[in-house]
Peer 1: 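Got a structure for you, written out below as structure tokens; questions coming shortly.
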Amino acid sequence: MRPKACSPACANASQVLPDTMDFVVTTLLNALTLISILMLVGLGLAISFGLMNVTNLAHGEFVTVGAFAVYFVQSVGGSFWLGLLAAPIAGAVVGCILEFAIIRHLYSRPVSTVLATWGVSLILQQGLELTFGLGAKPVTPPIEGTLDLFFTVYPAYRLILIAIAMLTLLGVVLLISRTSFGLDIRTVIQNREMAEGVGINTRRTYAIAFTFGAAIAGLAGGLVAPLAIVLPQMGVNYLANAFFVVIVGGVGSIGGLVAGSVFVGGLTSVLNYQISPSLAQAIVLLAAIVAVRLRPNGLFNGASR
Amino acid sequence: MIARDRNWLVIFAVCVTLAIVYPFFADGYQLTVIRDALIFGLFAASLDFFWGRTGILCFGHAAFFGIGGYIMALTTLNDAIPLGSVLGILGAIAGAAFVAAIIGYFLFFGGIRGSYFTIVTLAMGVICQQAAVSWSSVTGGDSGLIGIPPIAFDLGGLHVDLSQDLPSYIFVAAIVAVVVLALWSISRGRWGMVLTAIQDNEVRVAALGHNAPLRLLATFVLSAAIAGLAGALYVCMAGLVAPDLSGLLLSTEVIVWVAVGGRGTLLGPVLGAIAIQRAQQTISSFNPSLWPLLLGCVFVIIVFVLPDGILSIYARLKSLFNGRRPAQ
Amino acid sequence: MSDVLLQAENVGIRFGGLQALEALNLTVRDKELCCIIGPNGAGKSTFLNLLTGTLRPTSGSVRFLGHDIAGLPLHRIARLGIARKFQIPSVFPSLSVEDNLKVARWGASSPVRPVGELLDLVALGNRAATLAGELAHGQKQWLEIGMALAIEPRLLLLDEPTAGMTPQETLATAEMLLRLKGEFSIVAVEHDIRFVRALNCETLVLHQGRRLRSGPFHDIETDEMVRDVYLGRR
Amino acid sequence: MISRRTILKSGGAAAAFAMVGAPSILRAADTVKVGLSIPITGLQAILGETLLNCYKLAAAELNAANGIGGRQIELFIEDNQTTTKGSIDKARKLINEDKVDVVMGTIISPERSATLSVTSKAKKLFFYPTNFEGGECNRYFVATGPIPMQQVDPMMPWVAENLGKTIYIMASDYAWPQKMTEAITAAYEKTGGKIIGADYYPFGTTDFGPAFQKIKSLKPDVVWSMVVGNDAVTQLKQYRSFDIKQPLIAPLDEVFNKDALPPGVAAGTYAPQPYWMALDNPVNKKFIASFREKFGQEKMVNGIGEAGYNGLHLYALAAEKAGSLRDDDVLKALPTIEFDAPQGKIRVDASNNHTLCHSYVGKAAADGIGYEIAKDFGTITPVTPYCKV
């Protein structure tokens, strides 16, 4: 028997209107926080899983590595911002090594990739535990407290997180659409053989794209570090949902990534308020499965697998 | 092909012989250890039947193990149900098959294959474990259900009581042998050939008039049903069922067993399950924190050094003696 | 009308803004052999995809034995009696030649020809135990034709069956098809004029998504406009 | 040799009975074998380490002082990997291969249930140290930690009086918080208080935002968190960032706060526990001093560890008194002895094998690690309608 939660409106009938606005804005911001994180973690997956067809189960560890980078920088006296700078670099380094040592040898063996990356994920987790010791690591946020947004009061750090995520996304869009490297990536993705034909070093492009995705995931880890637990095993919490973002959104476009993140993150946040969070999580995942059945190529675009 | 079949049967016969001889040298405790390992071997074989034959990796196979276990537990713990053990096992098989049929319908007919299938089934495992934890009025929550009686029934004059170590060992070993042999016969006949063809080129198979998604679905359902059977057997032997028996960790472990034992060999995964579990418990008694690290390395090594599993060592050695390259 | 097997009327398809095919008509009668030719990019494969129901036309209709088959699952279409040989040889490389044919036979609603006969028909009798992946390119094409035969089709659609074959193999393939002529209808999409010449059948010439000419092959062959198109003069 | 001396020394009817009843046990063993099933790897590894250290401390203390009836205690330490399967395998190994005299340990419910399913079948004593949601009952199962009613019943009037009349509960979605919620609701409503909302979050939740939003709109007087383990870290970090003013009750302790939480995050939170390091009595002072001497001066210890420590001492006293290591003999002696534990004097209730433990409300200090005792409710007798052994 669980006591039923009182609906927000009945708490104080005279305050219905401001409460409603407050409720809507806060829900929106909660959803945005979740969407931002999903988007950043999903971006790397969209590249490796969606475009290169590499199922990287160690992707969650990039998030972990990013968060540990912030912890490490803080623990040796650096500021959070310095740590946040180190996070994507740490992610990129691990990603680059992983691509070089393992993934590039397995592009033609997708199932082996699953096994090998899962193994790597275990090794990274245990390695972090042996290096930094048991247990969660403390990370202090750069600013404490809340910000008054007129309709509602919201934690300042979360607003920063949302802003950084949006800027990063914008940067990625520009990178892909405006730079020659972005053009290379798009060409390789469209048709690997043809890209090789016109003289693009696809091996290098793959490696850089993979590393880039790892860096973004590292950044995501750095951003969530003050907000959530920092632990060698934290990555798995983000992995499954990020995969769903990519599957639901469809591969091959930033639009799909955004659509997938909004679907998973938005639905989770809204449902969490209505029903038991465990049920909400199950429903979101089931909805994702059904969505995939109905729109096999993704909510947003028609790119095929 | 014929030679490979003969090899398989030889190894199978050796394993059966070892299983028959083992009770003469082992005490009750050692029997229970191997008995439980065999149940997980059956579970590994069930995954191998799907993964090995279709090339599609299911990352949530423990969900079916857990579903089977919970159905068995709920059936046998309810005194109002007659023939609890028999109905429990049948229910476990049917329940796991039913869930697999629903999930599989959405996935296979939705055109989900390969890595996408892997990820969706991974989430399915997560949901199952969470459901088992949260839905405590039925599942007993995170501590699970305890006091599940051993399998015992009278059916048409046949009296079965598996509360003792030796009968339960014989019962489990017999089931594992029969199921593995049956799966092997299925997978080398028409069914297996079509599945191999689907693995090569699914569109082509469909263009020949085969309902490929249905074939895949049927394979998945059969695989899940056997996983459910394994789950039902395990909870009776252990006396309890708990949420982590349907969780991600077990799903991962079973993949290792199959990969180490040799994907697609059905027998290899059983041996892999026994070997790895014994190794895990022995190593963890010496140095607990070493185990996860070793496990990770095993994954990576298998992929690069032994992509066909330990069972392939035999073939490799043989071809080494004959001076030939191993057939791939 | 009763012997009409496949009828495409006024069929067209657009991909986004691009009109890929426009107002095409094709009637295939029972046990008839016909060819579709045209230069690269003429829309031959797209047309074939419309005929097999893989694509749904944006205008006009395709009917097989009076049914609209567009969008039906592939295996249902096969069971109706449409067999298709793909452009890229798509055999099952991990199965033996014999097993390839077995798998194909099992797909049929009522297989007639035993595997041995199929092997002989496609001249692979001595390669039965070979893994299909180890066959030479031309043999793979034949094996695929054999697999198409195994499902006892009423209509066999061949997408560039001789692509990548040596001249001798091409002729052998043509002979193989001529032997089968009269058992069921065959529609061959080809690029290679020599092959079509050997078949000498009713021919539809496509150019830029439209019908250029149609009629018996010897008429087509002498047509000025067809020559111009094939020689790239137009 | 040692075993004979034991019998001679302890003398009396019990020893004579033991010799007749179980001569093989006494002759076979030169040591008392204590099997420990500890989560050394897996999710509960932080708490597992402290618990293991407490057992080591108790064993060292006992061994330094004549062991149990003159026999040294030998610890058989196994890692149950925080899983059901691991716990079953290890419990079987301890009982069948190592032939231990008693099994102790485990932290979370699945480990306990799995271990219990083996020990109950083997009729082997099993001492469980962690806060226990109740519900499981077995003659050979001894709980040295508190059940919900021991913590909640005395505490709720205090909460109503000092903290407020309405509570919002946010918890991890599993059995212990669910049972706790039942106990809290029952006890709180007696005082006129009201639970105005309860939400259970699945393990691995990364965003508790919606819960804080509810807190803001429901405006409860008190927030009671039973989000546990790793998720508690996430939950507390976010609780602080949303700047919620209500007092927070959270099931934290010194070990967890020090090893897992960012500094200061737990400051000011309340927690019900049977033991606090801040307890001002000589036994506790000595306990902490020897713990730190053995394992490091900066180390913290918590209620789970202390209950484990108590468990081994209770077992030793009972075995000593029974003059036998037979499970039934020890069990018979167990309710008759009393142990002067760091939390105060404790003993085991004969009717249900639960321990009469103390109940304190602690309030976390500004550093977020240590606690001061906010209120001492004394010893609480466990009342278990579900259990009669």
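Residue numbers start from 1 in every chain, and the chains themselves are labelled A, B, ... in the order their sequence lines are given, proteins ahead of strands.
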Peer 1: Between atom CD1 of B:Ile148 and atom OG of D:Ser117, what is the distance when rounded to the nearest 0.5 Å?
Peer 2: 8.5 Å

Peer 1: Looking only at heavy atoms and a cut-off of under 4.5 Å, which of B:Ala242, B:Ala238, B:Gly247, B:Gly140 has the most pairs with chain D?
Peer 2: B:Ala238

Peer 1: Could you tell me the separation between the NZ atom of D:Lys85 and the CD atom of B:Gln277, rounded to the nearest 0.5 Å?
Peer 2: 4.0 Å

Peer 1: Under the rule for ring-ring contact (aromatic ring centres under 6.0 Å, His included), what residues qualify as partners of D:Phe208, not counting sequence neighbours?
Peer 2: D:Tyr201

Peer 1: Using 0.5 Å steps for rounding, measure from the CG atom of D:Asn96 to the CG atom of B:Leu31.
Peer 2: 11.0 Å

Peer 1: Go through the atoms of D:Lys93 and report whether side chain, backbone, both or neither lie under 4.5 Å from a heavy atom of chain B.
Peer 2: both

Peer 1: Check each atom of B:Gln281 against the heavy atoms of chain D and say whether the ones under 4.5 Å are side chain, backbone, both or neither.
Peer 2: both

Peer 1: Judged by modelled atom types alone, do B:Gln280 and D:Gln81 share a side-chain donor-acceptor pair under 3.5 Å?
Peer 2: yes

Peer 1: Around atom CD of B:Gln164, are there more than 12 heavy atoms of other residues, nucleotides or ligands at under 6.0 Å?
Peer 2: no

Peer 1: Which region of D:Thr82, side chain (C-beta onward) or backbone (N, CA, C, O), has a non-hydrogen atom less than 4.5 Å from a non-hydrogen atom of chain B, or is it both or neither?
Peer 2: backbone

Peer 1: So does B:Asp36 pair up with D:Arg92, basic N to acidic O under 4.0 Å?
Peer 2: yes

Peer 1: Counting only non-hydrogen atoms closer than 4.5 Å, does B:Leu145 touch chain D with its backbone (N, CA, C, O), its side chain (CB onward), both, or neither?
Peer 2: neither

Peer 1: Distance check, rounded to the nearest 0.5 Å: B:Tyr234 atom OH versus D:Thr84 atom OG1?
Peer 2: 8.0 Å

Peer 1: Can you check whether anything in residues 109-116 of chain D gets within less than 4.5 Å of chain B, heavy-atom wise, and list it by number?
Peer 2: D:Ser109, D:Pro110, D:Arg112, D:Ser113, D:Ala114, D:Leu116

Peer 1: Between the side chains of B:Asp244 and D:Thr83, does any donor sit under 3.5 Å from an acceptor?
Peer 2: no

